[in-house]
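Beneath this line is the structure, given in structure tokens, with notes to follow.
To find a chain, count down the sequence lines: A is the first, B the second, and so on, and within it residues start at 1.
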Number of protein chains: 2
Amino acid sequence: MHMSTEDKIIEAAIELVYEKGYKGATTRAIAQKANVNEVTIFRHFGNKKGIMEAAIQKYAFVDLLENTFAEKIVWDIEKDLKMLVREYQALLDQKKTVILLALRESNEFAELNEMLKKVPQTYIEIITHYFEQMIEREKIKKFDPYTLATNFAFINFGFFLSKTRVLSGSEELSIEEFIDKNIAFFIQALQ
Amino acid sequence: MHMSTEDKIIEAAIELVYEKGYKGATTRAIAQKANVNEVTIFRHFGNKKGIMEAAIQKYAFVDLLENTFAEKIVWDIEKDLKMLVREYQALLDQKKTVILLALRESNEFAELNEMLKKVPQTYIEIITHYFEQMIEREKIKKFDPYTLATNFAFINFGFFLSKTRVLSGSEELSIEEFIDKNIAFFIQALQ
DNA sequence: ATACATTGTAAGTACTTACTTGCATTTAGT
DNA sequence: ACTAAATGCAAGTAAGTACTTACAATGTAT
């Protein structure tokens with residue numbers, strides 16, 4: 001817990017904006033949650049919007065994706081796709097608050113929208129590239145790699161949303177069930 | 001344009017809350033957009049929350065789904081799934097504002113969350129039932145019908161979100177391209 | 001034409017909220 | 001120990017916002 005004052009404020013703001021929305025998250029409440037005085041906020045960030053801009057800067061996290069995945073690929077369709085699901089879901093879970101916040105406040109903050117869009121976009125690009133190579137190596141049938149990637153990404157994101165209860169199926173799926181059923185179907189279709 | 005005063009207010013409120021969020025949509029602005037005086041709002045709905053509650057009532061639209069689909073089924077997997085995509089996308093488009101509004105304001109209004117969840121949920125139930133029957137008739141391979149349905153629904157909802165630019169792939173897909181590529185892949189996997 | 005319900009107008013109240021200012025207190029580097 | 005920067009505290013300002021009240025204007029049905 002050696003957080004700087006600025007970080008304490010940013011984290012408190014993210015949580016509160018996630019709960020109450022941007023307008024609902026008062027500077028007073030943010031200060032209280034961060035355990036600082038309200039004035040301290042304005043001394044650091046100038047105005048309320050400044051907090052969010054700093055938060056967006058801090059969480060421009062997309063680069064995380066690319067490095068993590070590439071190393072773990074073993075060119076076995078089943079192992080790879082299951083790994084890609086697990087890693088992606090873990091990342092989404094970890095950044096859940098920011099992602100759902102972005103989903104809600106993207107009208108107010110254009111940058112948030114950009115950030116939000118990049119999450120599946122980057123994922124799709126990586127997966128597209130993966131499928132291209134798997135087709136070259138003749139490990140899967142010849143489908144359009146980009147089509148495969150979007151389907152795969154949509155299924156993944158849909159599952160994430162259903163977990164967060166933003167959406168829902170009629171049952172609740174654990175990630176293992178999801179992989180064993182939904183992803184397994186996808187894998188089978190490729191072979 | 002023979003809208004009642006109440007309807008004018010409700011529609012204006014929905015649009016504004018969609019744009020600015022619930023707290024950002026002031027009663028003054030709603031009145032202005034609806035071309036009524038601000039007091040008229042309070043005379044009809046009591047308070048600001050009352051507008052949204054009336055709007056939610058008005059848009060409890062889930063029942064629409066079930067009737068529309070059942071009649072159009074011809075028990076040909078390709079024709080049926082393409083029809084189901086088109087109908088569902090059309091419905092989502094039509095209710096887009098309310099859906100995206102619900103996505104943002106579901107924390108503030110529990111009922112909105114319920115409504116939002118029911119959209120894919122009902123769809124999944126219908127599709128599950130459809131797949132069950134198609135398996136009985138031996139028109140598709142024996143997969144778990146619920147798994148198929150969730151995958152199909154997630155792909156559909158993902159496409160909807162990417163169209164609304166909430167999410168995005170790296171390219172923009174038209175609905176015809178989406179059907180010809182993404183759905184075609186899904187159909188092929190079933191046969 | 002009269003009666004009644006609906007809407008508009010004007011003005012105001014009570015409350016919240018982002019943001020400021022001046023000064024006291026604490027923390028940290030040398 | 002001394003200095004300077006960071007933070008806390010108390011009080012206040014200005015603007016916005018939901019909601020109210022009293023009354024005038026308009027429409028509508030009989």
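None of A:T27, A:I14, A:V36 except one satisfies the side-chain contact (heavy atoms from CB on, under 4.5 Å) rule with A:I9; the exception is A:V36.
One interatomic measurement links the two molecules: CZ of B:F45 to P of C:dT6, which rounds to 14 Å at whole-angstrom precision. We find that CD1 of A:I41 is positioned 13 Å from P of C:dT20, with the value rounded to whole Å. The CD1 atom of A:I9 sits 14 Å away from the P atom of C:dC19 (whole-angstrom rounding). Here the C1' atom of nucleotide C:dG22 and the CD atom of A:E38 are 17 Å apart, to the nearest Å. Note: CD1 (B:I30) to C1' (D:dT17) measures 12 Å, nearest angstrom. Distance, B:Q32 CD to C:dG8 P: 13 Å, rounded to whole Å. Rounded to an integer number of Å, the gap from NZ of B:K48 to P of C:dT16 is 15 Å. The distance from atom NZ of A:K20 to atom C1' of C:dT17 is 15 Å, rounded to the nearest whole Å.
Dashed line: the shortest gap from a side-chain N or O of A:H44 to OP1 or OP2 of D:dT7 is under 4.0 Å. Taking 4.0 angstrom as the limit, B:N37 places a side-chain polar atom (N or O) nearer than this to OP1 or OP2 of C:dT9. Side-chain nitrogen and oxygen atoms of B:T5 include at least one within less than 4.0 Å of the OP1 or OP2 phosphate oxygen of C:dT7. Side-chain N/O atoms of B:T26 include none lying less than 4.0 angstrom from OP1 or OP2 on D:dG16. For B:T27 and D:dA18, the shortest distance from a side-chain N or O to OP1 or OP2 is below 4.0 Å.
The residue among B:N35 and A:K23 whose nearest nucleotide of DNA chain C lies closer to the 5′ end is B:N35.
Considering only heavy atoms from C-beta on, A:L101 comes within 4.5 Å of A:L112 through its side chain.
When distances are taken from the side chain of B:R43 to each of C:dT7, C:dA18, D:dG8, the shortest belongs to C:dT7. Comparing C:dT17, D:dT7, D:dC19 by their nearest atom to the side chain of A:R28 picks out C:dT17. Side-chain atoms of A:F42 lie closest to C:dC19 of the nucleotides C:dC19, D:dG8, C:dG8. Comparing atom distances between the B:V39 side chain and each of D:dC19, C:dC19, C:dT9 picks out C:dT9 as nearest.
Of all the heavy atoms in A:K8 and A:A34, the pair that sits closest is O-CB, 3.6 Å. Minimum heavy-atom separation, B:F45 to B:I10: CZ-CG1, 4.0 Å.
Side-chain contact of A:Q89 with A:N156: a donor-acceptor pair under 3.5 Å is present, judged by distance alone.
Over its full length, the helix from C:dA1-D:dT30 to C:dT30-D:dA1 turns its helical axis through 30°, comparing axes from the five pairs at each end and rounding to 10°.
In this structure, A:F109 and A:Y22 have perpendicular ring planes: the angle between them is above 60°, well past the 30° mark.
A distance of 6.0 Å or more separates the ring centres of A:F159 and B:F154.
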**Request:** Walk me through it: do A:Y123 and A:Y88 pass the test ring-ring contact (aromatic ring centres under 6.0 Å, His included)?
**Result:** CA-CA 8 Å; A:Y123 191 59; A:Y88 190 52; 3.5 Å; yes
